[in-house]
Amino acid sequence: PQHRDNFIKLVKEGFYDSTLFHRVINSFMIQGGDPDSKEAKEGKALGNGGPGYTIPAEIDAKFIHKKGALSAARMGDNVNPLRESSGSQFYIVQGKKATKSDLDKMSARNGNTYTEEQVKTYETIGGTPFLDMNYTVFGEVIEGIDVIDKIAKVEKDRRDRPKKDIKMSIKIVRK
């Protein structure tokens with residue numbers, strides 16, 4: 001709930017308006033939310049900006065990194081052993097399909113277990129199961145999931161930044 005509430009607060013404040021999807025990796029994810037990306041010059045390294053705070057991890061096995069999952073970015077375990085999330089940066093999972101055998105092998109390595117429903121989700125729509133139980137998932141794309149695939153396929157530089165800026169505008173819609 002802290003991640004959700006923080007994201008909604010930032011959206012309502014217009015924090016994300018004109019920020020970029022600054023890191024895009026096909027078959028993995030698209031990342032944005034760095035305030036330093038607004039009006040960033042071509043080729044500028046991005047991904048270190050934020051609002052000046054982190055959010056305690058809210059990792060829950062119910063929420064997996066299926067395609068369309070909205071998850072909080074964070075610094076690596078070596079500098080962030082508590083897995084606190086960035087106050088603003090997030091990624092949307094694209095991923096790829098995984099078989100039950102793939103998930104069983106992963107489970108043997110990391111100890112994660114999957115429900116039948118989660119296995120079916122990874123088999124049918126895909127995702128990035130190796131991220132499960134490592135990052136906080138706090139939402140999901142419910143409309144326009146094809147846009148993730150379009151963004152993931154753009155031409156990028158050596159830092160995975162799209163060569164043509166992809167600016168975002170996020171709105172909260174309640175159904």
Side-chain angles (χ1 to χ4, degrees), residues 1-11 16 21-34 47 50 54-154 156 160 162 166 168 170-175:
Q2 291 178 66
H3 285 75
R4 177 203 59 223
D5 293 348
N6 179 67
F7 189 76
I8 290 170
K9 175 184 89 66
L10 293 176
V11 169
Y16 293 111
F21 281 103
H22 66 269
R23 185 170 175 237
V24 172
I25 303 173
N26 195 27
S27 299
F28 181 40
M29 59 87 217
I30 60 175
Q31 182 174 336
D34 180 347
T54 58
I55 304 168
E58 295 181 289
I59 298 169
D60 188 325
K62 291 185 297 196
F63 306 116
I64 60 172
H65 284 81
K66 66 183 181 179
K67 184 174 187 171
L70 177 62
S71 305
R74 66 176 179 82
M75 300 297 286
D77 288 354
N78 56 331
V79 295
N80 183 16
L82 298 178
R83 298 181 173 167
E84 293 177 338
S85 301
S86 164
S88 64
Q89 290 195 44
F90 64 90
Y91 59 93
I92 303 171
V93 173
Q94 183 195 31
K96 54 188 174 186
K97 293 179 182 176
T99 65
K100 180 165 179 7
S101 175
D102 295 332
L103 295 172
D104 288 344
K105 288 174 192 168
M106 217 174 295
S107 293
R109 283 194 306 271
N110 61 24
N112 293 348
T113 57
Y114 295 96
T115 66
E116 284 182 38
E117 183 180 333
Q118 290 171 331
V119 170
K120 185 177 179 185
T121 297
Y122 278 129
E123 289 177 327
T124 57
I125 68 165
T128 55
F130 63 89
L131 296 176
D132 292 337
M133 299 306 295
N134 288 298
Y135 294 81
T136 299
V137 176
F138 65 96
E140 69 180 294
V141 174
I142 55 171
E143 251 180 65
I145 203 151
D146 59 310
V147 175
I148 298 166
D149 295 329
K150 290 176 184 171
I151 293 172
K153 290 178 183 162
V154 301
K156 299 167 286 284
D160 296 314
I166 302 170
M168 65 176 82
I170 304 173
K171 295 179 181 16
I172 303 293
V173 180
R174 303 220 187 251
K175 291 195 175 202

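No experiment lies behind these values; they were computed from the predicted model shown.
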> Of all the heavy-atom pairs spanning Y122 and P129, show the shortest one and how long it is.
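So the minimum-distance heavy-atom pair works out to OH-CA, 3.4 Å.
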> Just checking F90 against F138, ring centres under 6.0 Å apart?
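Ring-ring flag for F90/F138: false, centres at least 6.0 Å apart.
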> To the nearest 0.5 Å, tell me how far I92 CD1 sits from I151 CD1.
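Going from CD1 on I92 over to CD1 on I151, the span is 7.0 Å.
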> Out of curiosity, T128 OG1 to I25 CD1, how far, rounded to the nearest 0.5 Å?
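Here the interatomic distance stands at 11.0 Å.
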> Could you go through the side-chain hydrogen bond (donor to acceptor under 3.5 Å, both in side chains) check for Y16 and D34 one step at a time?
CA-CA 8 Å; Y16 293 111; D34 180 347; over 6 Å; no
> Could you check whether any side-chain N or O of Q118 sits under 3.5 Å from a backbone N or O of T115, counting only pairs where one atom can act as donor and the other as acceptor?
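Such a contact is found between Q118 side chain and T115 backbone.
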> Of all heavy-atom pairs between N110 and N112, which one has the smallest distance, and what is that distance?
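Nearest heavy atoms, N110 then N112: OD1-N, 2.9 Å.
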> Could you tell me if the side chain of V154 sits less than 4.5 Å from the side chain of I166, heavy atoms only?
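The answer is yes, as the side chains (C-beta and beyond) meet within the 4.5 Å cut-off.
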> Under 3.5 Å, side chain of D102 to main-chain N/O of K100, donor-acceptor pair present?
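Between the backbone of K100 and the side chain of D102 there is no qualifying donor-acceptor contact (under 3.5 Å).
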> What distance do I59 atom CD1 and L131 atom CG have between them, rounded to the nearest 0.5 Å?
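One finds 10.5 Å between CD1 of I59 and CG of L131.
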> Using salt bridge (Lys or Arg N to Asp or Glu O under 4.0 Å) as the criterion, list what pairs up with K9, not counting sequence neighbours.
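By the salt bridge (Lys or Arg N to Asp or Glu O under 4.0 Å) rule, K9 matches E13.
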> In the structure I gave you, are the side-chain heavy atoms of Q94 and N26 within less than 4.5 Å of one another anywhere?
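They are in side-chain contact.
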> Please give me the minimum heavy-atom distance between I55 and S86, naming the atom from each residue.
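I55 and S86 have their closest heavy atoms at CD1-O, 4.0 Å.
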> side-chain contact (heavy atoms from CB on, under 4.5 Å), that's the test. Do I172 and V11 meet it? Break it down for me.
CA-CA 7 Å; I172 303 293; V11 169; 3.6 Å; yes
> Under 3.5 Å, is there a donor-acceptor pair linking the side chains of H65 and Y91?
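Side chains of H65 and Y91: pair found under 3.5 Å.
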> Output, in order, the C-alpha distance, side-chain angles, deciding distance and verdict of side-chain contact (heavy atoms from CB on, under 4.5 Å) for V141 and I148.
CA-CA 9 Å; V141 174; I148 298 166; 4.1 Å; yes
> Between S88 (side chain only) and G33 (backbone N and O only), is there a donor and an acceptor less than 3.5 Å apart?
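Yes, because the side chain of S88 sits within donor-acceptor range (under 3.5 Å) of the backbone of G33.
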> With a 4.5 Å limit on heavy-atom distance, are the side chains of I64 and T121 in contact?
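Touching, per the 4.5 Å side-chain cut-off.
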> Please answer whether the main-chain N or O of P81 pairs with a side-chain N or O of D77 as donor and acceptor at a distance below 3.5 Å.
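No; zero donor-acceptor contacts below 3.5 Å.
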> Can you tell whether the side chains of D149 and K153 come within less than 4.0 Å, N to carboxylate O?
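No, this pair does not count.
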> Between D132 and A61, is there a donor-acceptor pair closer than 3.5 Å when you use the side chain of the first and the backbone of the second?
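Not at all, since once roles are kept as given, no pair shorter than 3.5 Å links the two residues.
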> Rounded to the nearest 0.5 Å, what's the gap from NZ on K97 to OG on S27? Could you check?
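K97 NZ to S27 OG: 12.0 Å, rounded to 0.5 Å.
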> Within the structure provided, determine whether F7 and I170 are in side-chain contact (heavy-atom separation under 4.5 Å).
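A side-chain contact under 4.5 Å exists here.
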> For R4, is there an ion pair with E58 - N to carboxylate O distance below 4.0 angstrom?
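No.
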> Is the NZ or CZ atom of R74 positioned over Y135's six-membered ring, under 6.0 angstrom from the centre and within 45° of the axis?
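Yes.
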> So, applying salt bridge (charged side-chain N to carboxylate O under 4.0 Å, His left out) with K66, which one of E117, E123, E140 is it?
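Per the salt bridge (charged side-chain N to carboxylate O under 4.0 Å, His left out) rule, the option paired with K66 is E140, out of E117, E123, E140.
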> For the CD atom of E84 and the CE atom of M75, what is their distance to the nearest 0.5 Å?
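Those atoms lie 12.0 Å apart.
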> Can you name the closest pair of heavy atoms from Q31 and A73 and give their distance?
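In terms of heavy atoms, the two residues are closest at NE2-CB, 3.8 Å.
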> Is the backbone of A57 close enough, under 3.5 Å, to the side chain of S85 for a donor and an acceptor to pair up by distance?
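Such a contact is absent between S85 side chain and A57 backbone.
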> Report yes or no: does R83 contribute a side-chain atom to a donor-acceptor pair with the main-chain N or O of M133 at less than 3.5 Å?
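Judged by distance alone, yes, a pair lies under 3.5 Å.
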